[in-house]
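Below is one structure, written out as structure tokens; comments come after it.
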Amino acid sequence: MAEYGFQVLSLSDVLRHELAEQGLSETRERMIELGTRLRRERGPGALAEVLGQKLDVDHRYGIDSIRHPAEVDVLASTDPGFRLIWVEAPIELRFERMQRRGRPGDPDTLAELRRLEELERGGGDQATQQLDAVCSRADFMIQNEGDVAGLGEALEPILKELGAVRTA
């Protein structure tokens, strides 16, 4: 996305920063718990509100790790051109990518990833992640079963449709 002039940010970075401030190591489970707590304390759009304070209206952003429909609402309110692109990949492939990435705190087994992702799909508690609800709000959907270059190729027609022009 950088070649189209987008700066890529992540709502998960809000959680990573908060965990670091608390002196806690990053695990997926800890990030889920912290995100839920922050949504309870500050409202369901809290992570997007924190990130939104750092956005410059003169820049274009690609924001990942949107996990609650209220985050979609907050981000859409910051820019009338906001569009949500849902990127999907099979869980087995996502697990393989996590293993290669080697980020501390990622699940060690496919069964653990499945358990954590079930927590993220959504439920009656509006403070928890609501991935199914976010997916239902997507303007575009991409199947990401290849490499990074393949993802870029899948994004290209969407970005062009949205008026983005390659800058690099």
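- Cluster membership for Leu38 and Leu131, using ILVMFWY side-chain heavy atoms within less than 4.5 angstrom, is shared.
- Placement of Leu9 and Leu162 in two distinct hydrophobic clusters is found when ILVMFWY residues are connected by side-chain heavy-atom separations under 4.5 Å, directly or transitively.
- Partners of Arg16 under the side chain to side chain contact (heavy atoms under 4.5 Å, CB included) rule, at least two apart in sequence or in another chain, are Ser10, Ser12, Asp13, Glu26, Met31, Arg103.
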May I have the list of side-chain donor-acceptor pairs in residues 71-82 shorter than 3.5 Å, sequence neighbours left out?
unit_1	atom_1	unit_2	atom_2	d
Glu71	OE1	Arg67	N	2.7
Glu71	OE1	His68	N	3.0
Glu71	OE2	Arg39	NH2	3.4
Asp73	OD1	Arg137	NH1	3.2
Asp73	OD1	Arg137	NH2	2.5
Ser77	OG	Val74	O	2.6
Thr78	OG1	Leu75	O	2.6
Asp79	OD1	Gly81	N	2.7

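- Taking CG from Leu159 and CZ from Arg166, the interatomic distance works out to 9.5 Å, rounded to the nearest 0.5 Å.
- For Arg101, the salt bridge (charged side-chain N to carboxylate O under 4.0 Å, His left out) criterion is met by Asp106, not counting sequence neighbours.
- For Met141, the side chain to side chain contact (heavy atoms under 4.5 Å, CB included) partners two or more places apart in sequence, or in a different chain, are Trp86, Cys135, Ala138.
- The OG1 atom of Thr36 sits 6.5 Å away from the CD atom of Gln129 when rounded to the nearest 0.5 Å.
- Comment: Glu33 does not engage Arg37 in a salt bridge, judged by the lack of any side-chain N to carboxylate O separation of less than 4.0 angstrom.
- When all heavy atoms of Met98 and Pro107 are compared, the pair lying nearest together is SD-CD, 3.9 Å.
- Taking 4.0 Å as the cut-off between side-chain N and carboxylate O, Glu112 and Arg115 count as a salt-bridged pair.
- Applying the side chain to side chain contact (heavy atoms under 4.5 Å, CB included) rule to Ala133 yields the partners Pro69, Gln130; only residues at least two apart in sequence or on another chain are considered.
- In the hydrophobic cluster analysis, where Ile, Leu, Val, Met, Phe, Trp and Tyr join through side-chain heavy atoms closer than 4.5 angstrom, Phe6 is grouped together with Val87.
- Residues meeting the salt bridge (charged side-chain N to carboxylate O under 4.0 Å, His left out) test with Arg28, sequence neighbours left out: Glu117, Glu120.
- In the hydrophobic clustering, where aliphatic and aromatic side chains (Ile, Leu, Val, Met, Phe, Trp, Tyr) are joined below 4.5 Å either directly or transitively, Leu116 groups with Ile32, Leu119.
- Residue Ile66 comes nearest to Val134 through the heavy atom pair O-CG1, 3.8 Å, listed as atom of the first residue, atom of the second, then distance.
- Closest approach of Tyr4 to Val165, counting heavy atoms only: CD2-C, 3.5 Å.
- Looking at Ile91 and Arg94, their side chains come closer than 4.5 Å, going by heavy atoms from C-beta outward.
- The number of heavy atoms from other shown groups lying within 6.0 Å of CG (Asp64) is above 12.
- With sequence neighbours left out, the salt bridge (charged side-chain N to carboxylate O under 4.0 Å, His left out) criterion links Glu21 to no other residue.
- Every residue meeting the salt bridge (charged side-chain N to carboxylate O under 4.0 Å, His left out) condition with Arg40, not counting sequence neighbours, appears here in chain and number order: Asp125.
- For Thr27, there are no side chain to side chain donor-acceptor pair (under 3.5 Å) partners at least two apart in sequence or on another chain.
- Nearest heavy atoms, Leu11 versus Ser65: CB-O, 3.6 Å.
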In residues 43-58, what donor-acceptor pairs under 3.5 Å come from side-chain atoms, sequence neighbours left out?
unit_1	atom_1	unit_2	atom_2	d
Asp56	OD1	Asp58	N	2.8
Asp56	OD2	His59	ND1	3.2

Take Leu24 and Leu34 through the test side chain to side chain contact (heavy atoms under 4.5 Å, CB included) and record every step on the way to the result. CA-CA 11 Å; Leu24 298 171; Leu34 176 59; over 6 Å; no
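- Considering all non-hydrogen atoms of both residues, Ala89 and Arg97 come closest at CB-NH1, 3.7 Å.
- With rounding to the nearest 0.5 Å, the separation of CD in Glu88 from CD1 in Ile142 is 11.5 Å.
- For Glu118, the side chain to side chain contact (heavy atoms under 4.5 Å, CB included) criterion is met by Arg121, not counting sequence neighbours.
- Rounding to the nearest 0.5 Å places CD of Glu145 at 12.0 Å from CG of Leu151.
- Both Val8 and Leu155 sit in one connected hydrophobic cluster of ILVMFWY residues. Membership requires side-chain heavy atoms under 4.5 Å apart, directly or through other members.
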